[in-house]
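Notes follow the structure.
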Amino acid sequence: IFLFCLTMAVSVFSQENSTGSWLIVNSQLEFNKRWEAFTELQTRSNRLANRFFYYEVKGGIGYKVNENFSVLLGLGRYATYAGEGNFSKPLDTEEFRIWQQLNLNHSIERLKVEHRYRIEQKWMNGRYRNRFRYRLSTVLPVNDVDLKPETFYLNVYDEVFLNNKAPHFERNRFYAGIGYVLSPTLMAQLGYVNQYNYTLTKQGDKNFVQIMLVVQFDGGNDEEG
């Protein structure tokens, strides 16, 4: 079913040349009930599976205070290319970023709700700036009450990007998709992203088909630490 949905989505979105691809591979390693680490690789393209112009490599470490409250420290490198081909030079922007993150979770019946707050310190082409992000995300298991193997789920979120210099509003990102838990260690997700960017000189939005794989590893240590 998941492969069928993926094929149909690619067929539909291929008809719109301005729709791009957004590919994500996320890996998570739980050391124990409190501590975890993650790495993530993302690529984006201006056309469906063609004209890749952006990639990011990032990672971090998180601490779970309790089931509904966690914090995270992350860092990453981000590169945007200005050429017409796949990762074609010249390099438009090169960025190094550090961020601090707070996650608050709760449930409404079987609907899982996450509030994510993030503060970023960014060095873009050597210039420093701050940014603030808030994301409201909802996950609804479809054929089970929990996210266990062989469970489909729906995921919808909206994220606002702000900075401390006018204009303070920078970006809005909306996502809607469907996911499937393949095993205790692997999840796959397919969705649609609309990203609206705003500056004093330019504004507009971009649509993407997003495919994401999440790989979760258990460190084998049940101590809380």
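Atom set for the values below is all heavy atoms of this structure, side chains included, hydrogens, waters and symmetry mates excluded.
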Is the backbone of [Y] close enough, under 3.5 Å, to the side chain of [X] for a donor and an acceptor to pair up by distance?
X	Y	answer
S107	E109	no
K33	N66	no
K122	R127	no

Going from [atom1] on [X] to [atom2] on [Y], what distance comes out if it is rounded to the nearest 0.5 angstrom?
X	Y	atom1	atom2	answer
S21	L48	OG	CG	4.0 Å
F38	S27	CZ	OG	9.0 Å
Y180	L190	OH	CG	15.0 Å

For residues 136-145, please give each side-chain donor-acceptor pair under 3.5 Å, one per line with the distance, not counting sequence neighbours.
from: S137; atom 1: OG; to: N155; atom 2: ND2; distance (Å): 3.2
from: T138; atom 1: OG1; to: V156; atom 2: O; distance (Å): 3.1
from: N143; atom 1: OD1; to: F152; atom 2: N; distance (Å): 2.8
from: N143; atom 1: ND2; to: E150; atom 2: O; distance (Å): 2.9

E36 and K64 ion-paired at < 4.0 Å:
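Salt bridge absent between E36 and K64.
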Is E120 salt-bridged to R131, going by a charged N under 4.0 Å from an acidic O?
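Salt bridge: yes.
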Angle class for the [X]/[Y] ring planes (parallel below 30°, perpendicular above 60°, tilted otherwise)?
X	Y	value
Y134	Y117	tilted
Y54	Y78	tilted
H115	H106	parallel
Y157	Y175	parallel

Side chain to side chain, N32 and E30, heavy atoms closer than 4.5 Å
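No - every pair of side-chain heavy atoms lies 4.5 Å or more apart.
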Side chains of Y196 and Q203: does their closest heavy-atom pair fall under 4.5 Å?
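Of all side-chain heavy-atom pairs linking Q203 with Y196, at least one is under 4.5 Å.
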Within a 6.0 Å radius of atom CG on L91, are there more than 12 heavy atoms belonging to other residues, nucleotides or ligands?
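Result for CG/L91: enclosed.
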